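Inspection log for the structure reproduced underneath, given as structure tokens.
Bear in mind the structure is a predicted one, so any value in this text is a computation, not a measurement. Numbering of ligands and ligand atoms starts at 1, following listing order.
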Amino acid sequence: MHLFGDVSGKKLLEICCGSGHSLKYHADRNAAELWGVDISHKQIENAEALLKKHGYTARFICSPMEADLDIPVNYFDYVYSIYGIGWTTDLPGTFKKIASYLKKDGVFIFSWHHTLYYCVAWSCSERKNIIERDGLVFTRSYFDESYFRMPVDGSEIVLCNRKISTYINALAQAGFAIEQMVEQTDKETMESTGDISDKAKKAKMLPLSFCIKARKQ
Ligand SMILES: C[S@@+](CC[C@H](N)C(=O)[O-])C[C@H]1O[C@@H](n2cnc3c(N)ncnc32)[C@H](O)[C@@H]1O
């Protein structure tokens, strides 16, 4: 989406860096300094190995993003998080910490599942042993920000579904000005027809993720 622009010579911190592929992406584009935070030892190991394999270095911190971390303040040109921020148990506190790591005018970019994604599901009926999709219906209230459990890959995750205004207000309170918000489905999915997956059909009706670019004031 070209939200970063030219990162050459810039200092970047990824919150919830996972396997390090996004850090490598920025290393390939000549970022000057790369830092990554993740709660998972395994993911930090993966990220370290990936960067090393490609001849890059980065500083890694294995910790929850909500903790007081040994990260310099007023230091980074960019802090970003790809499908990570929604895991925080303290959104206002996490945004304030992120603002402190950034230089003035530094950029914060993050993506997460769109709130509507968990509120809307297919309604199905069975006719002559054939399951038919009747339409999309609300199965949770958009306003419900309580924690819920969800099965994933034989395990279970616990998360909450925050309203878009909750993100925007927490950003404002942390001293950010929003420059761009993206709610869109990729062109290929939008133009797809015929026998497409339920998820793709849903993605043609509503955004499954959102992305915000904000600047520290
Ligand atoms: C979906 S992955 C995203 C990985 C990476 N950003 C990417 O694009 O490949 C989410 C990551 O968030 C990490 N995570 C979850 N909760 C966290 C927390 N409270 N603090 C720091 N990292 C967390 C997980 O360990 C996982 O690596």
Side-chain angles (χ1 to χ4, degrees), residues 1-4 7 10-29 31 33-54 56-73 76-102 107-115 117-118 145-162 166-167 170-171 174 182 184 186 199 203 207-214:
M1 291 177 185
H2 308 290
L3 294 178
F4 283 86
V7 298
K10 304 291 186 193
K11 295 174 185 151
L12 286 88
L13 162 66
E14 181 172 4
I15 304 290
C16 303
C17 64
S19 54
H21 286 83
S22 311
L23 290 168
K24 181 193 168 285
Y25 177 91
H26 292 301
D28 290 341
R29 283 155 185 79
E33 211 175 299
L34 293 165
W35 292 54
V37 172
D38 202 283
I39 198 170
S40 156
H41 286 282
K42 187 70 202 157
Q43 289 285 55
I44 294 282
E45 273 172 33
N46 291 338
E48 268 173 338
L50 180 80
L51 269 86
K52 195 172 166 198
K53 183 176 148 197
H54 292 277
Y56 300 130
T57 53
R59 293 216 208 167
F60 290 103
I61 297 174
C62 187
S63 173
M65 64 185 127
E66 300 89 339
D68 288 329
L69 302 175
D70 191 14
I71 292 179
V73 296
F76 292 93
D77 300 289
Y78 294 86
V79 178
Y80 68 98
S81 187
I82 300 167
Y83 284 100
I85 284 297
W87 289 115
T88 183
T89 51
D90 175 13
L91 191 73
T94 301
F95 280 174
K96 280 182 190 141
K97 283 189 163 58
I98 288 170
S100 75
Y101 308 144
L102 280 166
V107 170
F108 175 36
I109 297 171
F110 73 95
S111 61
W112 186 246
H113 306 283
H114 199 284
T115 313
Y117 179 63
Y118 290 123
E145 296 191 319
S146 60
Y147 281 84
F148 64 99
R149 291 171 183 277
M150 204 173 67
V152 173
D153 296 336
S155 184
E156 194 178 54
I157 58 169
V158 179
L159 78 170
C160 74
N161 200 24
R162 298 179 175 98
T166 300
Y167 287 98
L171 284 169
V182 181
Q184 70 182 43
D186 63 283
K199 191 169 181 184
L208 302 191
S209 18
F210 73 100
C211 187
I212 287 183
K213 176 178 180 180

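- More than 12 heavy atoms of other shown residues, nucleotides or ligands fall within 6.0 angstrom of atom NZ in Lys213.
- Aromatic ring centres of Phe110 and Phe95: separated by under 6.0 Å.
- Near Glu66, with a cut-off below 4.0 Å to any heavy atom, the atoms of ligand 1 are 19 (N).
- Taken to the nearest 0.5 Å, the CD1 atom of Ile85 stands 5.5 Å off from the CE atom of Met65.
- In this structure, Gly20 falls outside the shell of residues with a heavy atom less than 4.0 angstrom from ligand 1.
- Nearest to atom 10 (C) of ligand 1 by heavy-atom distance, out of Trp112, Tyr83, Tyr80, Phe110, is Tyr83.
- In terms of N/O distances under 3.5 Å, ligand 1 is approached by Ile39.
- Listed by atom number, the atoms of ligand 1 under 4.0 Å from Gly18 heavy atoms are 4 (C), 27 (O).
- Residue-level proximity to ligand 1 for Ser81 is absent, since no heavy atom of it falls below 4.0 angstrom.
- Asp38 counts as a contact of ligand 1, since one of its heavy atoms falls under 4.0 Å from the ligand.
- Residues forming a salt bridge (Lys or Arg N to Asp or Glu O under 4.0 Å) with Lys24 (at least two apart in sequence, or on another chain): Asp28.
- Taking CD1 from Ile61 and CH2 from Trp35, the interatomic distance works out to 5.5 Å, rounded to the nearest 0.5 Å.
- With atom 18 (C) of ligand 1 as the reference point, the heavy atom nearest to it among Met65, His21, Lys42, Gln43 is part of Met65.
- Considering backbone and side-chain N/O atoms, Ser19 never comes within less than 3.5 Å of an N/O atom of ligand 1.
- For ligand 1 and Cys17, the ligand atoms under 4.0 Å from any heavy atom of the residue are 5 (C).
- At most 12 heavy atoms of other shown residues, nucleotides or ligands fall within 6.0 angstrom of atom OH in Tyr25.
- Distance from atom 16 (N) of ligand 1 to its nearest protein heavy atom, with residue and atom name: Trp87 CB, 3.4 Å.
- Less than 4.0 angstrom separates some heavy atom of Ser40 from each of these atoms of ligand 1: 25 (O).
- Of the protein's non-hydrogen atoms, the one nearest atom 3 (C) of ligand 1 is Ile82 O, 3.4 Å.
- Every atom of ligand 1 is numbered from 1 in the order shown, and the set under 4.0 Å from a heavy atom of Ser22 is 8 (O).
- Distance CG/Asp38 to CG/Asn46: 9.5 Å, rounded to 0.5 Å.
- Distance from atom 12 (O) of ligand 1 to its nearest protein heavy atom, with residue and atom name: Cys16 CB, 3.3 Å.
- The 12-atom threshold is not exceeded at CG of Asp70, counting heavy atoms of other residues, nucleotides or ligands nearer than 6.0 Å.
- No side-chain donor from either of Tyr147 and Thr89 sits under 3.5 Å from a side-chain acceptor of the other.
- Distances between N or O atoms of Val37 and those of ligand 1 include no value under 3.5 Å.
- In this structure, the ring of Tyr78 has its center no less than 6.0 angstrom from the ring center of His26.
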